[in-house]
Amino acid sequence: TAEYGSSGINAEYGKAKTDVTMFDDVCVFHAGCPVFHEGLKYWTCCKKKTTDFNDFLAQKGCTEDSHVWGDPNVQKVAECRYDWHQTGDTVNFTAYLKNVKPEICTVNCNPVKLQLEIYFGEDQVFSFNKILCGIIDPEKSKVIFAKTKSRGFDEKS
């Protein structure tokens, strides 16, 4: 969620998140893209054309929906504490994260590389990408998601 005072995703609307009651307000905005062509300014969604830039900015939106505070597609890349070591026949990786969402996490490994994307919290993601010091057997690898940490074990070939 966005901080109070921040702008919504549809910045041309010009409203900031300053009051809890704004969650119930209707957001009126242009769903299309702005077009600037041969001196004319207009939105692809409603095509009301003008030559004056201030009139263009003042045009009332043509779409109504609920407010979206911030871009819902943006993930917060997070740093976290993790332990990583390789022994004679195993590679161990432990990330200390709370509220891990294993259903959307990705773990990819091949004999020489380990890649992780661990989603946790509200909208955070931890990424780990490492070239291994030895060759592992991906078929014998396993991942464990616990309440406070995520662990990966890879067996070397």
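Quantities reported herein were computed from a predicted structural model and do not represent experimental measurements. For the numbers below, each heavy atom of this structure counts, side chains included, while hydrogens, waters and symmetry mates do not.
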* To do: Show the numbers, then the answer: is there a side chain to side chain contact (heavy atoms under 4.5 Å, CB included) between Thr63 and Trp43?
  => CA-CA 12 Å; Thr63 305; Trp43 294 93; over 6 Å; no
* **By side-chain contact (heavy atoms from CB on, under 4.5 Å) - contacts of Asn54 (at least two apart)** => Asp52
* Structure fact -> Distance col, row Lys48:NZ vs Lys41:NZ, nearest 0.5 angstrom, shows 16.0 Å
* To do: Tell me, please, which residues at least two apart from Asp55 pass salt bridge (Lys or Arg N to Asp or Glu O under 4.0 Å).
  => none
* Asked: With a 4.5 Å heavy-atom cut-off, do Thr51 and Leu40 have their side chains touching?
  -> yes
* Asked: Going from SG on Cys46 to CD on Gln59, what distance comes out if it is rounded to the nearest 0.5 angstrom?
  -> 5.5 Å
* **Results of side-chain contact (heavy atoms from CB on, under 4.5 Å) for Asn108 - residues two or more places apart only** => Gln115
* **From Lys130 atom NZ to Leu114 atom CG, the distance as rounded to the nearest 0.5 Å** => 10.0 Å
* Structure fact -> One should read off an interatomic distance between Asn110 CG and Ile135 CD1, to the nearest 0.5 angstrom, of 10.0 Å
* Quick one: does Lys101's side chain have a donor or acceptor within less than 3.5 Å of a partner on Phe120's backbone? -> no
* Asked: What distance do Leu116 atom CG and Asn129 atom CG have between them, rounded to the nearest 0.5 Å?
  -> 8.5 Å
* Asked: Crowded around Glu103 CD? As in, over 12 foreign heavy atoms under 6.0 Å?
  -> yes
* For the side chain of Lys113 and the backbone of Pro111, is there at least one donor-acceptor N/O pair under 3.5 Å apart? -> no
* Structure fact -> Taken in chain and number order and not counting sequence neighbours, the residues that satisfy ring-ring contact (aromatic ring centres under 6.0 Å, His included) with Phe126 are Tyr82
* **Transitive ILVMFWY side-chain link Leu57 to Val35, under 4.5 Å** => no
* **Shortest non-hydrogen separation from Cys80 to Tyr96 and the atoms involved** => CB-O, 4.1 Å
* Hey, is the main chain of Cys33 close enough, under 3.5 Å, to the side chain of Thr44 for a donor-acceptor pair? -> yes
* Residues in side-chain contact (heavy atoms from CB on, under 4.5 Å) with His85, at least two apart? -> Thr87, Asn92
* Asked: Which distance, rounded to the nearest 0.5 Å, do you find between the CG of Leu132 and the SG of Cys109?
  -> 8.0 Å
